[in-house]
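Just so it is clear: chains get the letters A, B, ... in the order the sequence lines come, proteins before strands, and each one is counted from 1.
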Amino acid sequence: MAAPPDLPPPEELLRRADEMLKHFEGGRWPSHVSELRRTGYPLHVYGVGLVARKSPWGPSTAPVQFVNTGVLARVAREWVPGRGEEVHFRVFHTPGKFLPTSFLKKLAELSKKLGVGLLEVVGQTGALVINLRKEHAEQLVDELRAIGTDVGGSGDAIRALNACVGPALCEFALFDTLAWYAEFHRDKRVNDAIATPGFPYKFKIKLSGCPMDCARANRADFGLIGIWEGAPEVDQEALRRKVEAGEVDPRRLEERCPSRAITWDEKSGTLIINGERCRKSMNCIRSAFPAIRPGRKKKVAVLVGGGVKGRFGPKLGWFLTMLDPDKPRDAVGLAFKVIEPWDREGVPKDRLGDYILKVGFTEFLRRLGMEASGRHVANPTYIPYKVLQKEERDKFLKLSEELGR
Amino acid sequence: MAAPPDLPPPEELLRRADEMLKHFEGGRWPSHVSELRRTGYPLHVYGVGLVARKSPWGPSTAPVQFVNTGVLARVAREWVPGRGEEVHFRVFHTPGKFLPTSFLKKLAELSKKLGVGLLEVVGQTGALVINLRKEHAEQLVDELRAIGTDVGGSGDAIRALNACVGPALCEFALFDTLAWYAEFHRDKRVNDAIATPGFPYKFKIKLSGCPMDCARANRADFGLIGIWEGAPEVDQEALRRKVEAGEVDPRRLEERCPSRAITWDEKSGTLIINGERCRKSMNCIRSAFPAIRPGRKKKVAVLVGGGVKGRFGPKLGWFLTMLDPDKPRDAVGLAFKVIEPWDREGVPKDRLGDYILKVGFTEFLRRLGMEASGRHVANPTYIPYKVLQKEERDKFLKLSEELGR
Amino acid sequence: MTAPAKPAKAERLNKVFPVDLDKYLPELLKRNYGRWVDRRFHGYGIIEHVSETGERVFTVKVALPPNARLSADTAEKFADIADRHGIGAIRITMAGNIEFLADSLEAAQRIREEVEGMGFPVGGWGPTLWGINSCTAFLTCTTAVVDSPSITKALGDQLYEYFTGEKTLPAKLRIYVSGCPAMCAGGTGIDIAIVGQWGAPPKIREEILSLCLPPPKALARIPESQVFLVQVCPTGALTLRREGDKIRLLLVPEKCINCARCKENCDAFDYDPENVGVAILVGGKYSNTGVGRRLARVLVPWVPAVPPHYREITAIVRRIIDVWREHAREGERLADMIDRIGWGTFVDLVGVPVSSMHYDRLFAGTRWKDEAYPSLRDALR
Amino acid sequence: MTAPAKPAKAERLNKVFPVDLDKYLPELLKRNYGRWVDRRFHGYGIIEHVSETGERVFTVKVALPPNARLSADTAEKFADIADRHGIGAIRITMAGNIEFLADSLEAAQRIREEVEGMGFPVGGWGPTLWGINSCTAFLTCTTAVVDSPSITKALGDQLYEYFTGEKTLPAKLRIYVSGCPAMCAGGTGIDIAIVGQWGAPPKIREEILSLCLPPPKALARIPESQVFLVQVCPTGALTLRREGDKIRLLLVPEKCINCARCKENCDAFDYDPENVGVAILVGGKYSNTGVGRRLARVLVPWVPAVPPHYREITAIVRRIIDVWREHAREGERLADMIDRIGWGTFVDLVGVPVSSMHYDRLFAGTRWKDEAYPSLRDALR
Ligand code: SRM
Ligand code: SRM
Ligand code: SRM
Ligand code: SRM
Ligand code: SF4
Ligand code: SF4
Ligand code: SF4
Ligand code: SF4
Ligand code: SF4
Ligand code: SF4
Ligand code: SF4
Ligand code: SF4
């Protein structure tokens with residue numbers, strides 16, 4: 001990027017950069033600048049960027065042998081006095097992002113020895129980022145591998161997977177997010193698609209243990225969300241105790257259930273939940289846990305096509321099917337099944353969701369050889385005319401016949 | 001339309017038609033068939049259509065000298081045994097659709113003398129429909145003109161105008177819908193555009209005295225709706241009486257106000273309405289009338305581009321501007337201003353709303369030489385990037401500066 | 001009958017509009033024009049309007065047969081009633097009911113009795129069925145695919161008590177029944193809209209197509225895309241092909257959205273009654289109450305329309321009303337209730353059992369497939 | 001350093017993934033894995049999880065500097081604290097906060113004191129600000145147009161009490177701040193999203209364009225429309241023109257939607273800081289609570305981003321929060337509240353004073369103008 005207009009001369013620029021940086025060391029919120037001061041990161045470059053109101057960094061390269069993803073290299077733009085460079089690795093996080101202190105210390109040590117002593121403890125996708133010194137890149141790969149992790153996950157590849165903490169720490173987990181996360185990594189195809197880019201665009205996989213979606217699977221190309229079928233489970237006895245103790249107001253459970261599935265029977269002190277209707281908002285559960293908890297008929301819902309932008313703008317993933325919580329390998333298989341037509345036909349830089357929009361969801365299903373499942377009524381049309389196929393019409397005929405009885 | 005497959009032979013067909021017709025003479029709801037039996041309408045044609053499950057009518061002509069709109073002629077399809085024909089006039093209704101008995105009797109008489117003794121007392125647009133005998137068409141025109149009305153309003157012309165009953169019978173009217181209705185008809189341009197088709201498609205004008213929109217101005221090409229600025233007017237004394245009498249629950253007024261504009265001050269027994277916020281739902285007014293009534297700063301809102309289908313499907317009219325309730329001529333002028341670019345550039349069978357969608361609302365305003373007015377936030381975007389003009393950006397800059405103070 | 005001289009006929013282009021209020025408004029209303037200050041409801045069919053002058057007028061709302069059809073005979077009887085008990089005038093509402101006007105509640109009650117005796121119910125204000133608007137369809141219309149007046153009759157028979165108020169509803173209900181996608185009954189901005197459908201792309205009757213095309217010589221000079229019939233189709237499903245001397249109109253069924261614009265403009269388009277049905281839409285309104293005006297959404301894209309009972313249609317309409325009655329708050333129109341509980345929940349309550357419905361494209365002919373993009377929430381059971 | 005033998009390096013293609021739970025999970029959690037039956041909140045920063053075995057674990061949630069930046073020094077201090085008071089492990093949340101793990105409430109409290117002493121606040125559960133996600137932007141990113149970490153710092157300073165719970169909110173609040181339309185902070189499915197913008201169509205730096213194009217010989221063989229950079233633009237704003245030997249990339253500003261896809265793929269696209277700003281979106285969420293997941297909508301399409309105070313941004317964010325605090329029901333997320341009171345009302349409460357905003361096109365590049373189609377209701381004052 002070109003120098004911004006009216007940039008002051010270098011000295012003045014650096015002075016103002018410093019002022020700017022100092023500003024961000026004040027205030028109560030933890031300061032990234034103060035933190036960066038404790039490291040070898042070239043802070044003046046950042047400061048100059050803030051003054052110039054342009055990113056001070058330009059693209060650069062840092063080839064690392066047989067490492068095709070996860071390495072990002074920058075060089076300061078020519079208008080940054082003193083220049084500077086910056087290289088960082090995207091490193092695979094531990095499952096649940098638990099860091100035993102021994103491991104954390106090793107990371108810190110490596111980061112000081114081979115880098116600038118700076119981490120981004122979690123990238124927004126889920127990677128652990130280490131800022132290093134270019135000349136140590138090869139060694140850092142080896143040392144990371146030695147302590148049990150590695151670099152990877154950028155470009156048109158499978159990106160760092162992300163799974164919520166799940167059963168390790170959370171009462172709500174409906175499937176073992178961390179075991180599934182491991183299962184994905186054990187698959188050779190996943191390994192290869194992480195190691196070497198080759199898809200039309202990036203591909204992200206995220207796993208959330210329950211509909212709260214802490215792992216934000218709704219924005220993944222391939223998202224997995226724990227779910228159950230039917231009503232939440234109610235321990236009526238425990239619930240009555242909570243009601244008596246004033247902890248839970250059953251009328252409010254009723255009122256706040258977004259799918260109007262709940263009826264509180266005052267007389268018998270029983271909460272009745274219509275499982276057919278329940279839309280798994282988790283509202284009753286989180287309000288009256290553990291007297292109300294997710295149901296036992298557990299499933300894993302698969303969402304496809306989410307992403308923040310791509311060709312056609314923001315999209316939340318669309319529901320594809322349900323999987324068995326005990327069969328993580330099915331999920332791995334399905335991921336590659338979904339990738340296949342997109343990989344074959346997708347235009348460069350079309351995300352999976354863009355591809356689906358282009359061919360249409362029905363056609364996409366056809367290419368997967370899958371049936372539509374679930375009710376697809378999120379966006380009803382305002383247009384009362386349409387050509388419908390006979391099978392479609394017959395469904396409505398059946399409905400009217402049933403209602404007419 | 002071709003004969004439907006498997007049509008029974010003529011006699012059987014007529015027998016079944018009769019059966020069908022008889023069916024519709026039973027039941028509690030008033031029967032159109034019973035009513036039609038009292039007339040010379042060729043009922044067997046209708047019955048055959050019901051059996052065939054196809055409209056029994058095909059297009060025909062009934063030229064009437066110097067009458068270019070409002071005459072519709074049909075002939076029974078060749079597969080209708082005995083054939084038959086049918087002609088009807090769309091006749092201008094009286095203002096507010098009041099029919100003094102003398103006038104009603106004259107209509108009935110004419111309808112018997114020159115027609116089949118059948119009326120559609122109001123078409124869904126607003127016309128009065130008279131079913132006549134083809135050979136009397138010329139005479140019926142003259143006789144209608146003699147009693148003070150006329151035939152017209154079909155094809156690519158201005159259609160029968162429609163105005164709600166307004167001040168003649170309704171407490172809520174915010175402008176004189178019937179006077180405006182008359183004013184439109186007195187304009188030579190309106191006369192000509194009703195008398196002779198020439199636009200790309202039909203053009204409908206509807207007038208509602210208040211936001212309840214009884215005249216369905218929201219679906220007009222050019223809709224006028226009475227409105228006021230600011231808060232409804234509250235007669236606090238009268239309201240307190242209603243509250244005490246248990247007729248009105250002020251908490252409910254508060255709660256049911258869709259724009260959350262209402263606060264009930266329990267202590268002083270005063271209802272405070274934030275006029276800036278009020279969205280003119282009429283809820284408080286109709287619940288507590290006449291203690292709460294529309295405000296006094298009256299306006300007439302203009303909506304453009306409504307219609308049930310056209311090229312691009314269903315549309316509700318978009319807000320264009322506000323007019324002065326005392327200046328109906330401004331509305332007439334504006335209607336033709338709005339018609340002008342559409343008439344010049346519109347593709348045949350594009351309604352005004354389709355035309356606006358094609359050029360864009362902003363461009364449409366430009367062609368009218370008008371400024372945008374009102375807040376246009378009904379359909380906010382989900383896409384966070386956009387090229388904005390400097391003026392647009394400056395508005396938001398101003399907002400943030402104001403909030404920052 | 002001798003034809004009048006020509007100039008007199010040309011005068012017909014200057015229309016005679018009945019806009020002189022003085023001539024049509026009853027005296028009582030003239031005196032109180034714009035001076036109404038209050039109104040009171042007497043049951044579900046009579047409104048008393050109170051003027052600041054202290055005068056009152058009572059209106060009695062009466063349902064008419066489908067498509068607002070009235071014989072001259074009945075019209076005369078109504079006139080007679082209005083003369084005997086009323087103030088010498090009736091009015092037609094914009095939605096096709098009749099209002100009798102009287103100057104006392106007793107007179108209004110007498111009117112009520114007489115019209116009820118003739119078989120016309122009184123009702124339709126407040127939380128009731130205000131009426132069913134029907135277009136003309138098989139009675140006179142050439143493009144109709146289903147017969148709205150008889151559907152209206154079938155519905156009216158079943159919903160009778162909702163009009164009279166014997167059974168009430170959460171709020172106003174109006175139904176529009178249109179015989180084809182032209183939607184002459186008033187479109188879709190209403191609680192329940194029923195719209196006739198071909199169900200399948202039209203068939204072209206080559207024999208009569210030429211009637212809808214410009215004369216051969218003129219046609220030869222017009223670019224294909226500029227030919228009227230081609231322009232009328234919003235999706236480009238119709239294209240014109242010249243084969244030597246001959247002209248063929250081609251229809252690409254995949255592109256057809258069944259909008260019927262071709263048929264509206266040319267009698268050569270035909271359909272098979274086999275596929276015909278209606279779409280049922282819910283939750284529209286024009287009035288600015290509650291959540292404000294909105295177009296209805298397609299609840300059921302197709303069910304057959306089988307006279308004389310139209311059971312498929314009435315069953316669904318009754319169901320919609322039952323769900324609304326059970327779940328609405330007092331005074332809540334169908335649109336407002338759906339908005340509050342959410343479309344998915346509503347669809348679920350009605351029990352629409354489909355695995356795929358339309359994707360909202362707002363306008364036909366945009367780039368994206370008009371189809372289902374399923375959301376997880378809606379898939380959950 | 002001598003390079004290791006080649007085969008060993010090739011082994012690098014077989015990645016080493018740290019997926020062995022046994023190795024990374026603290027013993028206490030291993031014993032109770034999947035057996036948690038209850039949890040209790042201690043203030044806004046500490047959760048106690050109860051296992052069916054009777055064991056307990058306490059997590060302490062700590063905010064990190066913007067972009068989850070941590071120096072090796074601080075990391076070591078944290079490790080030390082975790083060893084002294086905790087169970088020998090910390091965890092990073094997916095949103096970039098840190099959780100310390102302890103086996104008693106007292107230990108958790110001690111951790112809290114120590115980290116607070118170091119300047120890191122504890123909080124972020126329940127009806128509080130759970131954190132602000134920031135992408136890296138000017139710290140390392142080449143395509144950034146505004147600097148999200150410093151915006152995050154400015155916001156964090158102002159919203160500090162909402163994280164600690166000194167001041168509470170109706171429900172969870174999370175903010176995502178992204179330096180450009182790539183939206184690496186997590187997109188728009190969140191309560192408040194702030195997204196950097198160029199504000200005007202990009203400028204092309206002809207000098208370096210060739211770096212983004214195929215070599216001249218290859219280029220000569222590719223049809224214009226198939227050239228990568230041309231394909232990347234979703235609206236067709238970019239076209240390639242061959243003028244003799246020369247290649248020119250043309251940009252039609254009217255078609256450009258500022259999506260930044262060109263810049264993401266080629267450093268030759270530049271902008272003027274003069275026009276740069278951020279869009280502010282509200283009412284998104286990924287979680288299925290309340291009305292369910294949804295994308296946020298654009299409340300303010302552009303305000304400038306002026307360091308160091310970013311007053312324009314913080315003023316609007318504070319205002320949004322104030323409106324939410326005043327009008328939400330207990331437990332109601334911003335998305336749910338907006339859904340309940342309506343977008344128009346919400347915009348009005350915030351006081352956005354504009355006469356024209358975007359029309360919802362859902363996806364860029366459809367046929368309709370991306371602009372305002374005003375509704376009467378929203379125009380009313
Ligand atoms: C490092 C990280 C931000 C951070 O500091 O946390 C990041 C940084 C970049 N992202 Fe991102 N993205 C990061 C998470 C995300 C996320 C969040 C997520 O995955 O949930 C998203 C949105 C989700 C999604 O993918 O839809 C995201 C959507 C993008 C996009 C837009 C993709 C699209 O479909 O349009 C781009 C543009 C591109 O691909 O060219 C992008 C491109 C970039 C680039 C590579 C742009 C560039 O070439 O300069 C950034 C590199 C900056 C740098 O110096 O590291 N980044 N990016 C995050 C990755 C760390 C990690 O792997 O954990
Ligand atoms: C008579 C009437 C139905 C009725 O019995 O009440 C009617 C009847 C016809 N309408 Fe209509 N429309 C009637 C009110 C409406 C309305 C209601 C309104 O105006 O509020 C609409 C919807 C509002 C609107 O215009 O958007 C309406 C939208 C249409 C359309 C679709 C227009 C469009 O934009 O797509 C057509 C199709 C066309 O124009 O070719 C249409 C076409 C027709 C034709 C002319 C079709 C035909 O050629 O056979 C029908 C003639 C039937 C006949 O035999 O009379 N009629 N039509 C109504 C006119 C009487 C009157 O003038 O009062
Ligand atoms: C008579 C009529 C106007 C006319 O000029 O013909 C009319 C007249 C009145 N309407 Fe209306 N409405 C009339 C059709 C409509 C329509 C059009 C329609 O139904 O197609 C609408 C808008 C469409 C819609 O439903 O969105 C309409 C929406 C209303 C509303 C709003 C109802 C709501 O809950 O949203 C009210 C207020 C109410 O009922 O409290 C209303 C109230 C009224 C009242 C009763 C005002 C009042 O409370 O005093 C008016 C009585 C005047 C009178 O005594 O004649 N009027 N009203 C129409 C009678 C039609 C009929 O025969 O049933
Ligand atoms: C730790 C974390 C998952 C992880 O693997 O790292 C997490 C863990 C929990 N989440 Fe979450 N959520 C986490 C990010 C999210 C996200 C993602 C985000 O914010 O970007 C979401 C979805 C996005 C959204 O806001 O729509 C999310 C939506 C929820 C919700 C739903 C909140 C709502 O009102 O809609 C709950 C339920 C609640 O708060 O009552 C929840 C509740 C929980 C609880 C507290 C469950 C409980 O009540 O016991 C989990 C505690 C486990 C623990 O002790 O660690 N979690 N949670 C994430 C902490 C982020 C942070 O540092 O603040
Ligand atoms: S997604 Fe569900 S299971 Fe996973 S951490 Fe969040 S609340 Fe727990
Ligand atoms: S989980 Fe949500 S939708 Fe299901 S019953 Fe509970 S509150 Fe209702
Ligand atoms: S639109 Fe308003 S003024 Fe006109 S009749 Fe209806 S309620 Fe009365
Ligand atoms: S008219 Fe409607 S929006 Fe206005 S104050 Fe009354 S209830 Fe509220
Ligand atoms: S809706 Fe169709 S069937 Fe009914 S009158 Fe209009 S054109 Fe005819
Ligand atoms: S005009 Fe409509 S119905 Fe006719 S072919 Fe085109 S899309 Fe199909
Ligand atoms: S959002 Fe933009 S500025 Fe931030 S990291 Fe991603 S690409 Fe860079
Ligand atoms: S890729 Fe996006 S920003 Fe670039 S020219 Fe095209 S529309 Fe504009």
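Both the backbone and the side chain of C/Asp83 come within less than 4.5 Å of a heavy atom in chain B. When heavy atoms are compared at a cutoff of 4.5 Å, B/Asn191 approaches chain C by way of both its backbone and its side chain. Proximity to chain B is limited to the side chain of C/Glu264, based on heavy atoms less than 4.5 angstrom apart. Proximity to chain B is limited to the side chain of C/Val57, based on heavy atoms less than 4.5 angstrom apart. Of the atoms belonging to B/Cys170, it is backbone heavy atoms, and not side-chain ones, that fall under 4.5 Å from chain C.
In this view, B/Asp213 satisfies the salt bridge (charged side-chain N to carboxylate O under 4.0 Å, His left out) rule with no residue, not counting sequence neighbours. Looking at residues two or more places apart in sequence or on another chain, you find no ring pair (Phe, Tyr, Trp, His ring centres under 6.0 Å) involving C/Tyr33.
B/Lys309 places a side-chain N or O within donor-acceptor distance of the main-chain N or O of C/Cys259, the cut-off being under 3.5 Å. Side-chain atoms of C/Arg91 come within 3.5 Å of backbone atoms of B/Gly96 as a donor-acceptor pair (strictly under, hydrogens ignored). The backbone N or O of B/Ala168 lies less than 3.5 Å from a partner atom in the side chain of C/Trp36, making a donor-acceptor pair. A side-chain donor-acceptor contact under 3.5 Å links C/Asp270 to the backbone of B/Ala2. The backbone N or O of C/Tyr286 lies less than 3.5 Å from a partner atom in the side chain of B/Asn218, making a donor-acceptor pair. Without hydrogens or angle criteria, C/Lys153 side chain to B/Gly26 main chain gives a donor-acceptor distance under 3.5 Å.
Note that CD1 of C/Ile92 and CG of B/Leu99 are 5.0 Å apart. Values are rounded to the nearest 0.5 Å. Between the CG atom of C/Leu13 and the CD1 atom of B/Ile194 there is a distance of 12.5 Å, given to the nearest 0.5 Å. In this structure, C/Ile81 CD1 and B/Thr101 OG1 are separated by 12.0 Å, a value rounded to the nearest 0.5 Å. How far CG of C/Leu139 is from OH of B/Tyr41: 4.5 Å, rounded to the nearest 0.5 Å. Note that NE2 of B/His23 is 4.5 Å distant from NE2 of C/His309, once rounded to the nearest 0.5 Å. A distance of 9.0 Å separates CD in B/Gln124 from OG in C/Ser148, rounded to the nearest 0.5 Å.
The minimum heavy-atom distance between B/Ser281 and C/Gly290, with the atom names listed, is CB-N, 4.3 Å.
Between B/His32 and C/Asn67, every side-chain heavy-atom pair lies at or beyond the 4.5 Å cut-off.
Checked against the 6.0 Å centroid threshold, B/Phe92 and C/Phe17 count as a close aromatic pair.
Interface check for chain B: of the options C/Ile90, C/Leu29, C/Leu159, the most heavy-atom pairs under 4.5 Å are formed by C/Ile90. Ranking C/Asn265, C/Ile132, C/Thr59, C/Leu155 against chain B, the residue ahead of the rest is C/Asn265, based on heavy-atom pairs under 4.5 Å.
A side-chain donor from one of B/Glu35 and C/Thr74 sits under 3.5 Å from a side-chain acceptor of the other.
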